[in-house]
Amino acid sequence: MTEASDKAIELTIVVPTFCERENIDPLLKLVNEALEGIAWEIVFVDDNSSDATAQRVWEIGRHDCRVRCLKRVGRRGLSSACIEGMLSSGAPYFAVMDADLQHDPALLPNMLKKLREGNADLVVASRYMPGGSVGEWDAGRVRASDYATRMARLITRQPVSDPMSGYFMLRREVFETALPNLSSLGFKILLDLIASSPVPLRMTEVPLKFGSRLSGQSKLSNKVVWEFILLLGDKLVGRYIPVRFLAFGVVGATGAGVHFAVLGALFKGLSLPFSVGQGAAVVAAMTYNFTINNLLTYSDVSLKGRRWWRGLVSFLAICGIGAIANVGIAAFLFERHEPWPVAAIAGIFVGSVWNYAVTSRYTWKV
Ligand code: GDD
Ligand code: MN
């Protein structure tokens, strides 16, 4: 056993970062001031930012052991970053906040006080309660956030004014009991935690005036909307069917549209032989499916550069085998006098399950 240090850590602050180098020092200064007299540490979970965010944190950590960085390579995702940050700590309380100073560190002591008093498991810094505000958002984002909050209520089962907040504090037991059920998809870690908790949580909220970003840019993009849909889908039906399989199926269905467009253009438009048109359409549709699945279905482990090309080759090979199985099964059933649509659907189903199962294992390695 090592000797106990004079103060055990009570609070670990987890901060996901992606290109936030300029915000690290100002954030640390405010956290340090706010948490005077509290035994805290902070862990930045950085997804290999190109602006050397991790290097800056490590530099500071060399002189201050309360400041740590967990760097992940080849991965993206705010939720999974927060989860891994919490997993790296043994503290009894965790806080999650953004790096860009939109979340005021001055709220931390009061949030901690509410947990220490023992009447709450989770304290949310809410923009949607008296005293809170969303700050300088345009009308579009206000409406989008409002709509998403209503959707989120489908899966929270509990009243909470701001289930999409990125700023909250919780007991480690809450995290640990929710852990096996977490979807860890996308941006909405709080929503994931609430919806994954097997028991209702005692929640308290404190008002948050959402500030403006100090430096850098928001990572909120259209992809975040898609990831939100995946999270909702996973929480609603994930128990019965993997949500990535559903996404894969939807992408595959739109791929059929690409197939017909290419076939039509080559066979009807350019009067090329049917087999040439069909062959080109198959390759085009598969390449399209790979590209879109890489962006959406597997946005958290998206392949880039050389790995993209290797992924494409493995995807084409695996789906090629899937197509052979598809045709083989459909033909077999058709010969056994099953109605042709039944034979076709059975072939498509078996082919899709094969494609999904094998590409998720070998192309994206999840
Ligand atoms: N590690 C990691 N990986 N961090 C990320 C990633 C990622 O893929 N994407 C974003 N982050 C970090 C950012 O660097 C920042 O510290 C924090 O997560 C929030 O990202 P922003 O890009 O600043 O998000 P936002 O301000 O638009 O959204 C905030 O408000 C939403 C509610 O409207 C966040 O707090 C969201 O969690 C919240 O849902
Ligand atoms: Mn932000």
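Every number for a ligand or one of its atoms is a count from 1 in the order of the listing. All figures in this text were calculated on a predicted structure; none of them were measured in a lab.
Cation-pi check for R244 over Y356 is not met; the charged atom does not lie both under 6.0 angstrom from the ring centroid and within 45 degrees of its normal.
Contacts of F94 classified as ring-ring contact (aromatic ring centres under 6.0 Å, His included), with partners at least two apart in sequence or in another chain: F175.
Within 4.0 Å of ligand 1, protein heavy atoms come from P16, T17, F18, E20, V45, D47, R76, G77, L78, A81, D98, A99, D100, Q102, H103, R127, W137, R141, M164, G166, F187, K188, F210, R213, S218, K219, L220.
Residues in residues 304-321 take part in these side chain to side chain donor-acceptor pair (under 3.5 Å) pairs, two or more places apart or across chains: S314-T363. Here salt bridge (charged side-chain N to carboxylate O under 4.0 Å, His left out) pairs that include residues 78-91, with residues two or more places apart or in two chains, are R72-E84, R75-E84.
In the hydrophobic clustering of this structure, I229 does not group with V243; members are Ile, Leu, Val, Met, Phe, Trp, Tyr whose side-chain heavy atoms approach within less than 4.5 Å, directly or through other members.
Expressed to the nearest 0.5 Å, how far CG of L115 lies from CZ of R202 amounts to 9.5 Å.
The OE1 atom of Q102 and the OD2 atom of D100 meet at the Mn ion (ligand 2) at an angle of about 90°, given to 10°.
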